[in-house]
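Written below as structure tokens is the structure these notes are about.
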Amino acid sequence: MSLYRSAAIAGVAESRLGIVPDATVLDLQAEAAIAALADAGVEKSEVDALFCTGRWGRTPQLEIGEYLGIRPFYSDGTAVGGASFLFHLGHAAAAISAGLCDVALILYGSTQRSRKERSLGVKQGLSGQYEDFAGLPNPVGAYALAACRHMALYGTTREQLAEVAVAARQWAGLNPVAFSRAPLTVEAVLASPPVAEPLGRLDCCLVTDGGGAVVIVSPRRAKTLPKRPVWLLGHGETHSHMLISQMPDLTVTPAKEAGARAFAMAGLAHRDIDILQIYDSFTITVLLTLESLGFCAPGSSGTYVSDGRIAPGGEVSLNTSGGGLSYCHPGMFGIFLIIEAVRQLRGECGARQVGRHETALISGTGGVLSSNATCILAGD
Amino acid sequence: MTETTTQIDRDWWAGVEAGKVLFQRCSRCQAATFYPRFACAVCLSPAWHWQECAGQGTVYAFTRIHRAPNPDFEADIPYVVVLADMDEGFRLMAKLKSGSIGAVSVGARVAVAFEGQAAGRPRPCFELL
């Protein structure tokens with residue numbers, strides 16, 4: 001069964017982002033939900049499916065469902081790291097397609113910045129005892145190992161990694177709600193304090209607060225929306241491991257299989273994609289994902305992102321919000337990939353609006369290159 | 001140890017106490033599995049036996065760490081974490097032993113060693129060959 005045009009994104013929104021000390025994780029999700037439902041022109045009473053995950057609760061759907069007074073008849077808390085919300089998007093479309101629901105709400109929120117919840121040493125439990133003795137800070141150390149391998153195999157340089165951070169910052173400069181907007185140079189990225197070599201502080205995503213919400217509707221409900229719907233054309237998802245020491249090839253991510261499935265479902269080729277939103281937990285994540293998705297050959301992603309090709313005005317419209325590196329990163333970024341893609345497809349992005357904006361590919365990576373869901377979207 | 005430790009885990013850690021790195025060999029498909037688990041990670045056969053790793057491998061990737069995941073490692077900063085392909089066909093991640101001489105690189109040969117912790121059991125680590 002295909003999910004091609006089986007569901008449409010009707011509304012998207014963020015909550016306040018950055019440093020939001022006087023809000024709980026529930027408040028931020030309520031704020032985003034109110035704004036996304038308004039954007040969709042959908043009443044809360046119409047919501048019959050709920051999707052969310054987060055590190056903030058044992059039973060997040062129960063908690064947020066109660067808080068918002070939503071009684072879902074389809075509920076999914078798939079938790080595969082920061083990519084989860086792209087999994088949710090596919091699952092919402094599948095549920096709508098099966099006739100199990102009409103209006104799905106995807107939610108995320110985090111107050112990790114204000115509450116200082118970020119840790120490099122999260123207990124991995126169970127199998128984690130066979131890695132803990134190595135002293136690897138997670139997740140940054142795992143991505144550093146992948147960067148090391150890519151550099152050794154292909155001659156990729158720290159300068160090429162830095163290009164990703166510099167381009168993200170240029171895009172963020174065009175996004176009024178981005179957290180880090182001051183101009184950045186390759187030299188400054190290289191000079192940032194090392195965290196896990198070859199990755200330095202500015203190769204790593206932000207630590208912010210924030211929330212997001214996405215409203216998905218059936219084709220029937222999509223007929224009467226105030227804004228033009230954004231259609232799901234293709235979706236693919238997979239995961240391959242939890243521990244980095246169990247990943248078969250550190251230079252090939254699960255985006256390879258997820259992306260191939262998404263392209264096949266959409267019936268599109270790479271040249272048909274106008275906009276890319278690629279999870280940038282770390283600079284290396286973008287390089288590996290571009291290769292795994294097939295936008296460039298294995299080993300050539302360093303060249304692909306260099307010379308301003310992914311910066312504003314470049315040939316490739318990539319991470320136009322400023323990404324997790326400069327716009328926001330409240331622990332998980334997947335939902336913000338969806339939000340920015342929808343706004344670009346609708347032509348709502350103001351100074352950062354890209355010229356060609358009929359199709360978008362979003363690719364979310366979770367864990368330590370563990371999971372990926374890739375979705376292809378198109379305007380009406 | 002955590003409440004999740006089983007007899008399989010205890011046997012593996014007993015190996016470490018005796019200066020050995022154990023891995024599982026599937027009695028049905030002959031696959032080498034590490035970390036140890038209830039059944040073979042390839043064919044799911046619960047019939048397997050322990051084998052002792054000869055202790056040598058090749059560096060697959062490495063990273064020099066400047067931010068420790070927990071206080072146990074803070075005194076060692078900066079230190080190198082190595083992901084190595086062991087000769088028996090499984091991958092092992094461990095720290096390069098404190099004070100290791102020589103430059104680590106992808107493709108370099110390493111050998112398993114052990115280093116003590118102030119509190120707790122010895123931990124497996126690597127030495128450059």
Side-chain angles (χ1 to χ4, degrees), chain A residues 118-156 158 192-201 203-204 207 240-251 282 284 288 368-369, chain B residues 1-6 8-10 12-13 16 21 23 33-37 41 59-85 90-96 98 104-108 114-115 117 120-126:
Chain A
R118 199 73 187 144
S119 158
L120 295 172
V122 178
K123 273 275 173 229
Q124 304 194 61
L126 304 174
S127 53
Q129 65 183 294
Y130 297 101
E131 266 198 356
D132 285 345
F133 54 75
L136 191 77
N138 260 313
V140 61
Y143 285 83
L145 287 167
C148 164
R149 182 73 187 171
H150 201 267
M151 287 174 159
L153 274 186
Y154 300 118
T156 306
R158 279 205 68 205
S192 66
V195 179
E197 292 181 53
L199 302 181
R201 178 64 198 88
D203 288 288
C204 304
V207 177
S240 62
H241 61 278
M242 183 182 80
L243 303 178
I244 196 65
S245 57
Q246 300 289 312
M247 184 174 182
D249 179 345
L250 267 64
T251 66
F282 300 92
I284 184 65
L288 298 178
V368 289
L369 298 164
Chain B
M1 210 44 226
T2 65
E3 68 279 13
T4 54
T5 297
T6 66
I8 294 173
D9 300 321
R10 287 191 290 273
W12 189 82
W13 285 103
V16 169
V21 167
F23 66 99
T33 290
F34 181 81
Y35 54 91
R37 53 199 91 176
V59 176
Y60 176 82
F62 68 93
T63 171
R64 190 176 306 272
I65 302 299
H66 298 264
R67 293 278 305 277
N70 62 57
D72 289 351
F73 294 92
E74 271 165 17
D76 294 339
I77 285 176
Y79 56 90
V80 173
V81 174
V82 167
L83 193 52
D85 283 329
F90 66 93
R91 201 169 277 166
L92 178 67
M93 187 165 78
K95 209 172 139 283
L96 206 57
S98 302
V104 62
S105 60
V106 170
F114 299 90
E115 60 184 8
Q117 291 176 254
R121 51 158 112 53
R123 63 186 175 209
C125 60
F126 285 119

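The figures that follow rest on heavy atoms only: side chains count, while hydrogens, waters and symmetry mates do not. Each chain gets a letter, A, B and so on, in the order its sequence line appears, and its residues count up from 1. These numbers were taken from a predicted model, which means no experiment stands behind them.
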*Quick one: of B:P124, B:C125, B:A94, B:A68, who has the most non-hydrogen atom pairs under 4.5 Å with chain A?*
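So the answer, after comparing B:P124, B:C125, B:A94, B:A68, is B:P124.
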_Checking A:Q129 against B:W12: is there a side-chain donor and acceptor pair closer than 3.5 Å?_
no
*Are any of the side-chain heavy atoms of A:D132 and B:D72 separated by less than 4.5 Å?*
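Side-chain contact under 4.5 Å: no.
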*Exceeds 12 heavy-atom contacts within 6.0 angstrom, atom CZ of B:R67*: no
Smallest separation among heavy atoms of [X] and [Y], with atom names:
X      : Y      : value
A:P194 : B:H66  : O-CB, 3.3 Å
B:A61  : A:C148 : CA-SG, 4.0 Å
A:G135 : B:P69  : O-CD, 3.3 Å

Out of curiosity, [X] [atom1] to [Y] [atom2], how far, rounded to the nearest 0.5 Å?
X      : Y      : atom1 : atom2 : result
B:Y35  : A:Q246 : OH    : CD    : 5.5 Å
B:D9   : A:Y130 : CG    : OH    : 3.5 Å
B:L92  : A:F133 : CG    : CZ    : 5.5 Å
A:I244 : B:M93  : CD1   : CE    : 8.0 Å
B:R91  : A:L243 : CZ    : CG    : 12.5 Å
A:S245 : B:Y60  : OG    : OH    : 12.0 Å

_Given A:V140, A:L145, A:V195, A:L199, the one that forms side chain to side chain contact (heavy atoms under 4.5 Å, CB included) with B:T63_ =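 Among the candidates, only A:L145 passes.
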*Under 4.5 Å from any heavy atom of chain A - which part of B:F34*: both
*Check whether B:V106 gets within reach of chain A through its side chain, its backbone, both or neither, counting any heavy atom under 4.5 Å.*
side chain
